[in-house]
Amino acid sequence: MMLEPSIDSLQKQIKSKYTLVTLSARRARELKQGSAPMVDNPTSSQQVGVALEEIDCGKLTYSHAENIQERTETT
């Protein structure tokens, strides 16, 4: 049984497996709460599958905070 989208194609969009899991779980929660899918006619019936399809199509991405230290410094 082959799962779609494959982990190889997903990692072309997002390199870190941890980030991939976190991002897709957060998006799946949004979909479960009623958010509309960002892909037309998703093939998956599960929210996590739809989130992975969105990542694979490039519709769902993330931005990495470059200056984490600046946000966590206290004066």
Side-chain angles (χ1 to χ4, degrees):
M1 181 168 114
M2 182 67 96
L3 298 176
E4 290 294 328
S6 71
I7 188 71
D8 295 330
S9 67
L10 290 168
Q11 284 196 295
K12 290 178 184 174
Q13 300 292 330
I14 298 177
K15 304 294 182 214
S16 168
K17 288 180 185 178
Y18 177 79
T19 303
L20 182 63
V21 168
T22 304
L23 182 62
S24 59
R26 286 182 182 184
R27 179 62 180 149
R29 280 188 221 106
E30 290 177 359
L31 291 166
K32 188 174 182 177
Q33 293 173 350
S35 183
M38 292 187 278
V39 291
D40 297 328
N41 302 319
T43 57
S44 179
S45 60
Q46 301 292 317
Q47 287 89 4
V48 172
V50 174
L52 293 173
E53 288 180 43
E54 292 174 346
I55 292 169
D56 194 41
C57 292
K59 302 271 183 173
L60 181 60
T61 60
Y62 76 103
S63 61
H64 179 71
E66 294 293 330
N67 299 318
I68 296 172
Q69 186 177 3
E70 289 180 15
R71 294 187 294 150
T72 58
E73 286 181 352
T74 58
T75 38

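For the atom pair OG of Ser24 and CG of Leu60, the computed distance is 8.5 Å after rounding to the nearest 0.5 Å. Considering OG of Ser35 and CZ of Arg29, their distance stands at 13.5 Å, rounded to 0.5 Å. Here the CD-OG1 distance, from Gln11 to Thr19, works out to 10.0 Å after rounding to the nearest 0.5 Å.
Between Arg27 and Ala36, the shortest heavy-atom contact is NH2-O, 3.0 Å. Of all non-hydrogen atoms in Leu10 and Leu52, the two that sit nearest each other are CD2-O, 3.4 Å. When all heavy atoms of Asp56 and Ser9 are compared, the pair lying nearest together is OD1-OG, 3.2 Å.
The closest donor-acceptor contact from the side chain of Glu53 to the backbone of Val39 lies at 3.5 Å or more, if one exists at all. Side-chain atoms of Glu54 come within 3.5 Å of backbone atoms of Met38 as a donor-acceptor pair (strictly under, hydrogens ignored).
The cluster map of Ile, Leu, Val, Met, Phe, Trp and Tyr, joined by side-chain heavy atoms under 4.5 Å apart, puts Ile55 and Ile7 in the same cluster. Cluster membership for Tyr62 and Val48, using ILVMFWY side-chain heavy atoms within less than 4.5 angstrom, is shared.
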